[in-house]
Every structure is written in structure tokens, then in C-alpha cells.
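What follows is a short report on a single structure.
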Amino acid sequence: MVRIIAKNISKYFKKGRVIALDKINLTIENGERFGILGPSGAGKTTLMRIIAGLEVPSEGELYFDDKLVAKDGKLIVPPEDRRIGMVFQTWALYPNLTAYENIAFPLTNTKISKEEIRKRVEEIAKILDITHVLNHYPRELSGGQQQRVALARALVKNPSLLLLDEPFSNLDARMRDSARALVKEVQSRLGVTLLIVSHDPADIFAIADRVGVLVKGKLVQVGPPEEIYNKPISIEVASLIGEINEIEGKVTKEGIIIGSFKIPVNINTDKAIIGIRPEDIKISKEPIKEEEWILIGKGRVKVIGYQGGLFRITVSPLDSEEEIVTYLDHPIKAGEEILVYVKKGSIKIFT
Ligand code: ADP
Ligand code: MG
């Protein structure tokens, strides 16, 4: 277990023309499961590589516990002395090595004796429940067993820190669920500090106790998963977590007006963006009497699509080109006039 502290870390590429990381300040606690969520190009892999020691920060300091490991463009502790295990996107195993040899690989060419290597491989194999397949080649293993072998290889050196960079993005949906559960279980058994980065909020929310959101090299929000989910600080952060309708309209005392829609929110500034998730919008031909649904006005159905077992409906106010998206479990005709409702308390305001 180790505590990771980043102090004002920036990373520049191409003589400063690319700012991959911009003054990152972050502490990952001993034994914590920390997740970084960010879109492609945000700087996630760069941060991973700096922590692993494969890159140095252009500016700033990186500590492992009290030990300074890199500072202002200088590598102080090299990767091999940082006690890190890593799993990248592919979970790739060496196809011509057995499961045993794959797991033992990080220990070969070290001073560790053959007997000690055997002992360590068997130990980690036992934890991951793959003892019975150690003599198999990767092609003879199921997908789930291959993941376990890859994870065993990352853990065989008994690392203090496990780094996972988009580890599930190449797996199919079913495998992804089991891999997430496996990582979480193994982490809590070994107590290793864990840092996972992904563009997929489902990866992060499945595993992390605390989440940092990285956008264009800046850490814009850090907090527990439910806080990131319920109180995103900007529309950008909100849209990383899931689809959201971004609505900009005229602010009045009664709320935001967009054509025939009046969205009842209390805003003190004259300009605001509001966000409403598709699931917090309901459309209906008949009035809805439930109290939690607030009528915002009449709209017209513009476009209908079919996606993930639901009908994706685009609705516009009667006299405006603005569009909002919601989903229905039954089809509806384009051009139809409908009533549009918003769920009470669900409107996010960004000023
Ligand atoms: P992510 O992993 O979040 O997709 P990266 O850390 O890979 O993002 O990249 C962040 C930014 O830094 C991108 O603009 C990328 O093009 C740039 N970048 C990363 N590595 C290099 C490099 N070795 N040379 C130049 N630019 C790089
Ligand atoms: Mg990356």
C-alpha cells in the first residue's frame, strides 16, 4: 500500500505546444480505489505514465508516501523501484508462454531464485483461482481465465500500487462486468492502492471509492461517485457521465423560456445553462397527474430512432428549433403535438 501525492504536476509535449496535464494536485490515499474519468485526450494515460515512472512531469512534484520520486523534469526513483503493477487495455498475454510463465515473467531476470518465483506464482494463482490452469497456454484458457492470468502477472511482484488504464474497453459487455467485479474483489483482498482511468463512467463507478474528473489536462472535480453523479460542476462533467440535454434559454422570473417551453427554475444570473437527463423528461398525449412530473409546455415530436430497446425521441417547442431528447418504450408519430414534463428536482443548473 502506498499513498500517492501529486503537487502541481504539469506535462508538456512538443516544446510546450501540447499541455497534456495542467497543474494537477491530487492525493490518493493508502489502499484507496481511485478512479479518473475523462474523455479521450484528457491526459489520463500521461498521468498514469508519470505515476509509473515511464514519463517525468515537466513541472511539479510526485511523492510515494514521503518519498519524492520525480520533480520538475527529473526522474528520482525509476519505474522498477516504484513497486507498481499495471494492466493496460489489452490484458495481452504472451501466446507462446504458459499461464505460469506469463505470471512469472516480471520476476525473470531478477535476483529472485527459481523456488521463490514458484512460491510467488503459486500464491497469487491461488488468490485468483487459476492454480489448475497454470500449465495451459493462453489459447486454452477462457476469456475470464485470461483476465485472471493478466491480473496475476500485474500482482506477482506484490506491488503497492495497481494501475489500470482503460482495462475493460476491449472486453465484451458480459466479460466487462466480471472483470470489474474481479478487480474490486482482488483489490480489497490484497489492500493494494488502486488507480483506474477510463473514459467509461461505468468502469469508474463500478470500482472507485473516489473519482477525479480530468478534462483537457485539468482535474476539474474530485469527490465520491454519488457527488460526481448527482452534482457535476459543469455541463461537460455531466455529459461525461451520461447523455444530458443542454438547454440555453431566456432567463425570466418564472424560469427559463424556450419557445413554448417554460422550465421552472430559480436563477439569479441573466445567463445560465441547464441540463436535464433524458430519463428526467416524459412526453405524453394525455395529461400526467403524478405530482413529481411538472408540465413545461407543449412540444412537437421531430425525430424518432430506435436504440437499446427504446425509442429515442427528439422533441422541439412548437415555435423554436431547440431540441430535447427523451426515450419511450413505445413508438410515437413524428409531427405529433405532445405534452412535455420534467421530473421535479432533476434540473441541473450551471452558471
Ligand atoms: P488520454 O489517455 O486521456 O486519452 P493522453 O494522456 O494519451 O490522453 O494524451 C493527452 C494529450 O497529450 C493528447 O493531446 C495527446 O495527443 C498528447 N500526448 C500524449 N503523449 C504524447 C507524446 N508522447 N507526444 C506528444 N503528445 C502527446
Ligand atoms: Mg489513454
Side-chain angles (χ1 to χ4, degrees), residues 4-28 33-62 69-75 78-79 82 84-92 147 150-151 154 159 161-172 175-176 179-180 183 193-208 210-223 225 228-229 232-242:
I4 310 293
I5 302 162
K7 280 192 182 160
N8 261 315
I9 286 187
S10 296
K11 179 68 183 180
Y12 311 120
F13 290 112
K14 300 193 176 165
K15 296 177 180 151
R17 273 176 290 145
V18 175
I19 303 174
L21 293 172
D22 192 1
K23 298 194 179 71
I24 301 295
N25 282 292
L26 177 67
T27 300
I28 301 171
R33 290 186 294 252
F34 195 91
I36 290 186
L37 175 67
S40 171
K44 302 182 298 295
T45 296
T46 303
L47 183 58
M48 279 280 185
R49 290 176 55 82
I50 287 174
I51 292 173
L54 304 170
E55 274 316 332
V56 285
S58 309
E59 282 163 19
E61 296 165 11
L62 180 67
V69 300
K71 180 182 173 163
D72 298 340
K74 276 204 289 293
L75 186 75
R82 291 194 186 183
I84 285 171
M86 279 190 271
V87 175
F88 292 109
Q89 230 163 39
T90 53
W91 300 72
Q147 283 164 28
L151 199 55
L161 173 66
L162 181 61
L163 297 177
L164 307 175
D165 189 348
E166 310 262 2
F168 312 122
S169 57
N170 284 351
L171 306 177
D172 67 42
M175 294 259 293
R176 218 177 279 153
R180 285 174 186 145
V183 164
T193 305
L194 185 144
L195 174 61
I196 173 171
V197 306
S198 179
H199 69 282
D200 184 347
D203 290 346
I204 301 296
F205 289 138
I207 290 178
R210 211 151 58 93
V211 181
V213 183
L214 193 64
V215 179
K216 292 185 193 132
K218 285 195 165 79
L219 202 55
V220 294
Q221 189 171 4
V222 177
I228 305 291
Y229 189 84
I233 59 144
S234 67
I235 193 86
E236 285 87 4
V237 173
S239 64
L240 279 178
I241 298 158

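Both ligands and their constituent atoms are indexed starting at 1 by order of listing.
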* Asked: Any heavy atom of G43 sitting closer than 4.0 Å to ligand 1?
  -> yes
* Does the protein put a heavy atom under 4.0 Å from atom 10 (C) of ligand 1? -> yes
* To do: Go through ligand 1 atom by atom and flag the ones less than 4.0 Å from a non-hydrogen atom of A42.
  => 1 (P), 3 (O), 8 (O)
* To do: Kindly give the heavy-atom pair with the smallest separation between G35 and A208, and that separation in Å.
  => N-CB, 3.5 Å
* For ligand 1, which atoms have a heavy atom of A20 less than 4.0 angstrom away? -> 11 (C), 12 (O)
* Asked: Does the pair V183 and V87 meet the rule for a side-chain contact (heavy atoms from CB on, under 4.5 Å), with working shown?
  -> CA-CA 11 Å; V183 164; V87 175; over 6 Å; no
* Quick one: look up the protein heavy atom nearest atom 15 (C) of ligand 1 and list residue, atom name and how far away it is. => V18 CG1, 4.9 Å
* Do the non-hydrogen side-chain atoms of I24 and L214 ever get within less than 4.5 Å of each other? -> yes
* Is D203 salt-bridged to R180, going by a charged N under 4.0 Å from an acidic O? -> yes
* Kindly say whether P39 contributes a backbone atom to a donor-acceptor pair with the side chain of K44 at under 3.5 angstrom? => yes
* Among protein atoms, how many N/O/S atoms lie less than 2.8 Å from the Mg ion (ligand 2)? -> 1
* Ignoring hydrogens and angles, tell me if any N or O in the side chain of N25 forms a donor-acceptor pair with the backbone of N8 under 3.5 Å. => yes
* Report yes if K44 has an N/O atom closer than 3.5 Å to an N/O atom of ligand 1; otherwise report no. => yes
* Asked: Where is the nearest protein heavy atom to atom 19 (C) of ligand 1: which residue, which atom, and how far?
  -> F13 CE1, 3.4 Å
* For a side-chain contact (heavy atoms from CB on, under 4.5 Å) with I241, tell me which candidate from V211, V213, I228 qualifies. => I228
* Which residue, I50, L219, I51, forms the side-chain contact (heavy atoms from CB on, under 4.5 Å) with I9? -> I50
* Asked: R210 side chain to I28 main-chain N or O, any donor-acceptor pair under 3.5 Å?
  -> no
* Structure fact -> Note: ligand 1 atoms sitting under 4.0 Å from heavy atoms of P39 are 3 (O)
* Hey, is OH on Y12 packed in by over 12 heavy atoms from elsewhere, all under 6.0 Å? -> yes
* Nearest atoms (heavy-atom pairs only) where P167 meets L164 -> CG-CB, 3.7 Å
* In terms of residue, atom name and distance, what is the protein heavy atom nearest to atom 7 (O) of ligand 1? -> T45 CB, 3.8 Å
* Structure fact -> One finds that the ligand 1 atoms under 4.0 Å from a non-hydrogen atom of S40 are 4 (O)
* Identity and separation of the nearest protein heavy atom to atom 5 (P) of ligand 1 -> T46 OG1, 3.7 Å
* Any donor-acceptor pair under 3.5 Å from D72 side chain to G60 backbone -> yes
* Structure fact -> closest protein heavy atom to atom 4 (O) of ligand 1 is G41 N, 2.7 Å
